Amino acid sequence: MNQKLLDEINEKIRSVMAQSPAADLEKNLRAMLTAMFARLDLVTREEFDVQRQVLARTREKLNQLEAKLAELEQGMKDKR
């Protein structure tokens, strides 16, 4: 979703909450959402980016090893 739209919705909810007798509802909702997200076992963007870099390096190494293996296999065929 558009971040601006989310910010506007958040601001409207805050203004309604500040004027309502249920001011504690926001605090309770935040606690509930925090607990829910904790159970989802999510990763941060930084962790995701690090793992993506590790995967890219691993793929590159795999490609190098596959090329070396193909070269060795070709050498074996040539010797026969």
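Predicted model, so just to flag it, every value in this text is computed and none were measured.
- For the pair D49 and R52, the salt-bridge criterion is met [side-chain N within less than 4.0 Å of a carboxylate O].
- Within the structure, salt bridge (charged side-chain N to carboxylate O under 4.0 Å, His left out) pairs that include any residue of residues 54-65 do not occur (at least two apart or interchain).
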Under 3.5 Å donor-acceptor pairs involving side-chain atoms of residues 70-77, not counting sequence neighbours:
| residue | atom | partner | partner atom | Å |
| --- | --- | --- | --- | --- |
| Q74 | NE2 | D78 | OD1 | 3.1 |

Side-chain donor-acceptor pairs under 3.5 Å in residues 34-46, sequence neighbours left out?
| residue | atom | partner | partner atom | Å |
| --- | --- | --- | --- | --- |
| T34 | OG1 | R30 | O | 2.8 |
| T44 | OG1 | E47 | N | 3.1 |
| T44 | OG1 | E47 | OE1 | 3.3 |

